[in-house]
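Keep in mind that what you see is a predicted model, and the values were worked out from it rather than measured. Throughout, numbering of the chain's residues begins at 1 and tracks the sequence. When a ligand or atom number is given, it counts from 1 through the structure's own listing order.
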Amino acid sequence: MRFLVTGGAGFLGSHLCERLIGDGHDVVCYDTYLTGNEKNLENLRNEPRFDAYERDVTKFVEFDGELDWVMHLASPASPVHYLEHPIHTLKVGAHGTYNCLGLAKAKGASFFMASTSEIYGDPLVHPQPEGYWGNVNTIGPRGVYDEAKRYAEAMTFAYHREWQIPIRLVRIFNTYGPRMSRQDGRAVPNFISQALKAQPITVYGDGMQTRSLCYVTDLIEGFIRLLDYKGAARPFNLGNPHEVTILDIAKRVKDLIGSESEIVFEELPVDDPKQRCPDITSVKENLGWEPAVGLDDGLAMTVDWCRANWA
Ligand code: NAD
Ligand code: UDP
């Protein structure tokens, strides 16, 4: 099959492109390299079934030839990045999703939407099942990302209902692994970068807020299984339900690296969710998927990659 992956030069997108090529498909990547990097696609450079183009999906999206799938991952994903690019983040979730759905419709292709656990906001239900509608501050700084993705979900379902476009929708919970940029700003790459340089490890707030970290290969396996899903259109949570505090993650990274860094506490960003953990009952039942890589193993593989690849 032929796939278009938007945001394919990013952290998740590059792993997805590699997996699809490995599975024997043709893959085209569209990316602006705003937060991604051509270097992430180095392994695919000489692959005849792979092409990458600099394209902004907030503008009209054209594609020459047939397509079976449009997989829409383009969007800043780290809070640091979407706070730096608030309007672009809204545009890529809204106009970008609309354009990519239009392309899928024109090509008779299926559409895959990379949504996020952020649509649950600072959740009042814990762990979060797909039926929970969320608790988002629309006008807060994170609203640009959360609301863009909520709009993207609504638009994806509207295209499905009005035009019968086959859709898949995943709500991705915090995922980490090789190819995260040193400048990404999310907790795992920040802590690793700081620990490697023996700089203070910056924990925001008291570090008692929780997240549930999924290793990247587990997540991509979930994406691939979802492509074969035959049931009624619905959102699926994808993430690792092993919930830990941010302070615990900072300590694990420090110990793993054997770093001299001290852990320091800084101001908690506005609207930072206090807790986050996916209820993965649906995805287990429907796709037989659950994560296989534990946190310590995943962090060790990530640290090895960062040591070898970050200048
Ligand atoms: P990333 O920043 O590494 O990748 C995003 C990619 O999108 C980058 O390569 C960027 O250059 C590209 N991009 C941005 N605007 C674009 C545009 N207008 N046109 C084309 N390309 C554009 O982030 P990631 O972690 O790989 O996230 C990928 C997707 O998964 C995002 O949609 C994000 O919202 C979603 N997601 C990720 C996580 C996670 O934990 N990694 C969690 C929830 C959701
Ligand atoms: N965080 C932190 N120190 C950092 C970066 C992040 O304590 O250097 C915290 C952040 O406030 C949040 C959690 O770690 O509570 C996860 O943040 P991240 O940016 O990785 O993703 P989020 O889940 O907030 O989108």
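- Of the protein's non-hydrogen atoms, the one nearest atom 13 (C) of ligand 2 is Ile246 CD1, 3.4 Å.
- Residue Val203 approaches ligand 2 through these ligand atoms, each under 4.0 Å from one of its heavy atoms: 7 (O).
- Counting heavy atoms under 4.0 Å from ligand 1, residue Arg55 touches it through the backbone alone.
- Ligand 1 lies less than 4.0 angstrom from a heavy atom belonging to Ala9.
- Using modelled atom types, no side-chain atom of Asp51 and backbone atom of Val28 make a donor-acceptor pair closer than 3.5 Å.
- Of all the heavy atoms of Pro269, the ones lying under 4.0 Å from any atom of ligand 2 belong exclusively to the side chain.
- Looking at Tyr82, Phe11, Tyr145, Tyr53, it is Tyr145 that brings a heavy atom closest to atom 33 (C) of ligand 1.
- Atom 10 (C) of ligand 2 has Asp272 OD2, 3.3 Å as its closest protein atom, hydrogens excluded (heavy atom only).
- The shortest N or O to N or O distance between Ala77 and ligand 1 is not below 3.5 Å.
- Ligand 1 lies out of reach of Thr6, whose nearest heavy atom is not under 4.0 Å from it.
- A donor-acceptor pair under 3.5 Å links the side-chain atoms of Gln209 to the main chain of Tyr204, judged by distance alone.
- Ligand-side atoms of ligand 2 in range of Gly185: 5 (C), range being under 4.0 angstrom from any heavy atom.
- For Arg186, the heavy-atom gap to ligand 1 drops under 4.0 angstrom.
- Annotation: cation-pi geometry satisfied between Arg234 and Phe236 (NZ/CZ under 6.0 angstrom from ring centroid, within 45° of ring axis).
- Here Ser115 has backbone heavy atoms under 4.0 Å from ligand 1, and that is the only part of it that gets that close.
- Taking both residues in full, the closest heavy atoms of Gly93 and Ala152 are given as O-CB, 3.4 Å, listed atom of the first, atom of the second, then distance.
- With a 4.0 Å cut-off on non-hydrogen atoms, Glu266 does not touch ligand 2 at all.
- For ligand 1, the polar-atom distance check against Ala74 finds no nitrogen or oxygen pair separated by under 3.5 Å.
- Side chain of Ser259 to main chain of Leu196: no donor-acceptor pair is present (N/O by atom type, distance under 3.5 Å, no hydrogens or angles).
- In this view, Lys39 satisfies the salt bridge (Lys or Arg N to Asp or Glu O under 4.0 Å) rule with no residue, not counting sequence neighbours.
- With Phe112 as the fixed residue, the side-chain contact (heavy atoms from CB on, under 4.5 Å) test singles out one of Val70, Leu227, Thr156: Leu227.
- For atom 24 (O) of ligand 2, the nearest non-hydrogen atom from the set Gln275, His81, Arg142 comes from Arg142.
- Proximity of Tyr176 to ligand 1 is not established, as no heavy-atom distance is less than 4.0 Å.
- With a 4.0 Å heavy-atom cut-off, ligand 1 is reached by the side chain of His88 but not by its N, CA, C or O.
- Side-chain N or O atoms of Thr138 include none that pairs as donor or acceptor with a backbone N or O of Gly143 at under 3.5 Å.
- The existence of a salt bridge linking Asp184 and Arg179 is excluded, since no basic side-chain nitrogen approaches an acidic carboxylate oxygen closer than 4.0 Å.
- A donor-acceptor pair under 3.5 Å links the side-chain atoms of Lys149 to the main chain of Ala114, judged by distance alone.
- Without hydrogens or angle criteria, Asn99 side chain to Val57 main chain gives a donor-acceptor distance under 3.5 Å.
- With respect to the salt-bridge test (charged N to carboxylate O, under 4.0 angstrom), the residues Arg276 and Glu118 qualify.
- For atom 1 (P) of ligand 1, the choice among Asp31, Leu73, Asp184, Thr35 with the nearest heavy atom turns out to be Thr35.
- At least one N or O atom of Arg276 sits closer than 3.5 Å to an N or O atom of ligand 2.
- With hydrogens and angles ignored, the 3.5 Å screen pairs no side-chain donor or acceptor of Arg171 with any backbone N or O of Pro278.
- Looking at Val92 against ligand 1, only its side chain comes within 4.0 Å, counting heavy atoms.
- Contact annotation for Lys149 and ligand 1: only side-chain heavy atoms (C-beta onward) come within less than 4.0 Å of the ligand.
- Between the side chain of Asn286 and the backbone N or O of Ser282 there is at least one donor-acceptor pair closer than 3.5 Å.
- Where the criterion is an N or O separation shorter than 3.5 Å, residue side chain and backbone included, Ala187 meets it with respect to ligand 2.
- Protein heavy atom at the shortest distance from atom 3 (N) of ligand 2 is Thr202 O, 2.6 Å.
- Nearest heavy-atom pair, Gly24 versus Arg49, reported as atom, atom and distance to 0.1 Å: C-NH1, 3.2 Å.
- Contact atoms of ligand 2 toward Phe191: 2 (C), 3 (N), 4 (C), 7 (O), 8 (O) (distance under 4.0 Å to a heavy atom of the residue).
- Lys274 places no side-chain N or O within donor-acceptor distance of the main-chain N or O of Asp272, the cut-off being under 3.5 Å.
- The shortest N or O to N or O distance between Gly36 and ligand 1 is under 3.5 Å.
- Scanning the protein for heavy atoms near atom 1 (N) of ligand 2, the closest one is Tyr204 CD1, 3.4 Å.
- The proximity of Asn174 to ligand 2, defined as any non-hydrogen pair under 4.0 Å, is limited to the side chain.
- With a 4.0 Å heavy-atom cut-off, ligand 2 is reached by the backbone of Arg186 and by its side chain too.
- The protein atom (non-hydrogen) at minimum distance from atom 8 (O) of ligand 2 is Asn190 ND2, 2.9 Å.
- Among the atoms of Arg211, some N or O lies under 3.5 angstrom from an N or O of ligand 2.
- Between the side chains of His72 and Thr6, at least one donor-acceptor pair of N or O atoms lies under 3.5 Å.
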